[in-house]
Amino acid sequence: MEYEGILLGMGNPLLDISAVVDEQFLKKYDIKLNNAILAEDKHLPMYDELASKQNVEYIAGGATQNSIKVAQWMLQIPGATGYIGSIGKDKFGEEMKKNSKSAGVNVHYYEDESTPTGTCAVCVVGGERSLIANLSAANCYKSDHLKQPENWSLVEKAKYIYIAGFFLTVSPESIQLEQALPYVDYVFGNETEARTFSKVHGWQTENVEEIAVRISQLPKASGTHKRITVITQGADPVVVAEDGKVKLFPVVLLPKEKLVDTNGAGDAFVGGFLSQLVQEKPIEDCVRAGCYAANVIIQRSGCTYPEKPDFIYFDVSF
């Protein structure tokens, strides 16, 4: 199979500003643990305070970019993945380009000259994290960039396109939820997102397995592929709904002392999953790879990984 450009991601590229903080810091800025929100005015001073901490780290991130980078790492095939998003024309943007290219991802950024590169505050307490995103330039993506031949060629070449829900509010012209969902073959989420989706749609259930089945059965524009819904639940089993049936896949439980940072765990799961999906591996292998990737990432600071994966030696009995 030809793997060049097989997987394309579109999303909000953000530079993670990651630091260990305490409960008082969370209280000061009205932040809940294990939350992911957009920054409000009250949060803006926090970025400078985080940056002044001795343990601060800067890591190229954003949900979709994390997933694509992890998929590229798992594949170890140069040029297999591409990524499109919007950054600022500044030093953080240059850092983003350098970081992504060194990861082997073929990035085609739209560069906004008047808005700084987006950032995401990663507040880590006891290995758990809260994310506060200041989209800035990531919020400025223009569909005209997507239509340029050198960028549209990435779309035409890709056999798989992955877009996180965060991007839906940024460039509705490029991707719209209600119009896109009938064309979506795989839906990823966590248990909180699944229950929120259920509540918004008036389904009156918090049962994740039931919600996963209902999402998989929403109307599709094409009958070529049935939709598969994949819901992660932290340390609880991964829920996979297909054809009106549910399969549960246990995750590898990591001893508490090995947990460093949960930031990027869900993104890494998707990246690992996609790395096998593009190779047309069975769903069991996709989930296993997702669990492996997430397991690696939570033992490190930020969504980072060692030089090469050892997935082939990683055994889980499902």
Legend entry - Candidate pair E210 and V213, rule side-chain contact (heavy atoms from CB on, under 4.5 Å), full reasoning: CA-CA 5 Å; E210 184 183 341; V213 168; 5.9 Å; no
Inset, instruction - Given ring pair (Phe, Tyr, Trp, His ring centres under 6.0 Å), test F188 with F273 step by step and report yes or no. - result: CA-CA 10 Å; F188 298 94; F273 188 103; 5.1 Å; yes
Legend entry - Full working for side-chain hydrogen bond (donor to acceptor under 3.5 Å, both in side chains) between Q299 and N295: CA-CA 7 Å; Q299 295 182 66; N295 194 283; 2.9 Å; yes
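Around atom CD of Q204, no more than 12 heavy atoms belonging to other residues, nucleotides or ligands sit under 6.0 Å away. Within a 6.0 Å sphere centred on CD of Q217, other residues, nucleotides and ligands contribute more than 12 heavy atoms. More than 12 heavy-atom neighbours from other residues, nucleotides or ligands sit within 6.0 angstrom of NZ on K53. Sparse packing is recorded around CD of E113, with 12 or fewer heavy atoms of other residues, nucleotides or ligands lying under 6.0 Å away.
You'll find the side chain of N99 reaches within 4.5 Å of the side chain of K69, heavy atoms only. L146 places a side-chain heavy atom less than 4.5 Å from the side chain of Y141. Side-chain contact check for N12 versus T64: every heavy-atom pair is 4.5 Å or farther apart. L33 has its side chain out of reach of N35: every pair of non-hydrogen atoms, C-beta onward, lies at least 4.5 Å apart. Within the 4.5 Å cutoff, side-chain heavy atoms of E111 are placed close to those of I87. Residues I211 and E191 fail the side-chain proximity criterion, which asks for heavy atoms closer than 4.5 Å. In this structure, the side chains of V70 and F269 stay at 4.5 Å or more apart for every pair of heavy atoms. With contacts defined as side-chain heavy-atom distances shorter than 4.5 Å, the pair L7/L274 qualifies.
Taken from CD in E206 to CZ in R195, the straight-line distance is 5.5 Å, to the nearest 0.5 Å. In this structure, CG on D236 lies 12.0 Å from CG on N190, to the nearest 0.5 angstrom. Taken to the nearest 0.5 Å, the CG atom of L44 stands 11.5 Å off from the NZ atom of K42. In this structure, CD1 in I17 is found 4.5 Å from OG1 in T119, a value given to the nearest 0.5 Å. Distance check, rounded to the nearest 0.5 Å: NE2 of H108 to CD of Q148 gives 10.5 Å. Once rounded to the nearest 0.5 Å, the distance linking OG of S198 with CZ of R214 reads 7.0 Å.
Residues T81 and G104 approach most closely at OG1-O, 4.3 Å, considering heavy atoms. Y186 and V184 make their closest contact through O-CG1, 3.0 Å (heavy atoms, listed as atom of the first residue, atom of the second, distance). Nearest approach of D267 to S67, heavy atoms of both residues: O-OG, 2.9 Å. Residue P237 comes nearest to Q233 through the heavy atom pair O-NE2, 2.8 Å, listed as atom of the first residue, atom of the second, then distance.
There is a path of hydrophobic side-chain contacts, each under 4.5 Å, that joins V238 to L277. Linking ILVMFWY residues whenever their side-chain heavy atoms come closer than 4.5 Å, directly or via other members, leaves V20 and L50 in distinct clusters. Hydrophobic clustering keeps I59 apart from L14 (ILVMFWY residues linked when any side-chain heavy atoms are closer than 4.5 Å, directly or through intermediates). No continuous path of ILVMFWY side-chain contacts below 4.5 Å connects L131 to L135, so the two sit in separate hydrophobic clusters. No single ILVMFWY cluster, assembled from side-chain heavy atoms under 4.5 Å apart, contains both M46 and V124.
Note: Y29 and F25 have tilted aromatic rings, judged against thresholds of 30 and 60 degrees for the angle between ring planes. Between F197 and H201, the ring planes lie parallel to each other; the angle is under 30°, not in the 30° to 60° tilted range. Ring planes of W73 and Y305: parallel class, angle under 30° (limits at 30 and 60°). Taking the six-membered ring where the residue is Trp, Y109 and Y83 present perpendicular rings, their angle passing 60° and hence far from 30°.
Remark: the backbone N or O of I77 is paired with a side-chain donor or acceptor of Q72 at under 3.5 angstrom. Proximity of a side-chain donor or acceptor of R227 to a complementary backbone N or O of L181 within less than 3.5 Å is detected. A donor-acceptor pair under 3.5 Å is formed between the side chain of S86 and the backbone N or O of A137. Looking only at distances, no side-chain donor or acceptor of N134 sits under 3.5 Å from a matching main-chain atom of A39. For the pair K247 (side chain) and K245 (backbone), a donor-acceptor distance under 3.5 Å is absent. Judged by distance alone, with hydrogens and angles left aside, the side-chain atoms of E95 form no donor-acceptor pair with the main-chain N or O of K91 at under 3.5 Å. A donor-acceptor contact shorter than 3.5 Å is absent between the side chain of K157 and the backbone of E4. Q276 places no side-chain N or O within donor-acceptor distance of the main-chain N or O of G272, the cut-off being under 3.5 Å. Using a distance-only test at 3.5 Å, with no hydrogens or angles considered, no donor-acceptor pair links the side chain of Y110 to the main chain of C140. With hydrogens and angles disregarded, a donor-acceptor distance shorter than 3.5 Å links the side chain of S130 to the backbone of N34.
Comment: E94 engages K97 in a salt bridge, judged by a side-chain N to carboxylate O separation of less than 4.0 angstrom.
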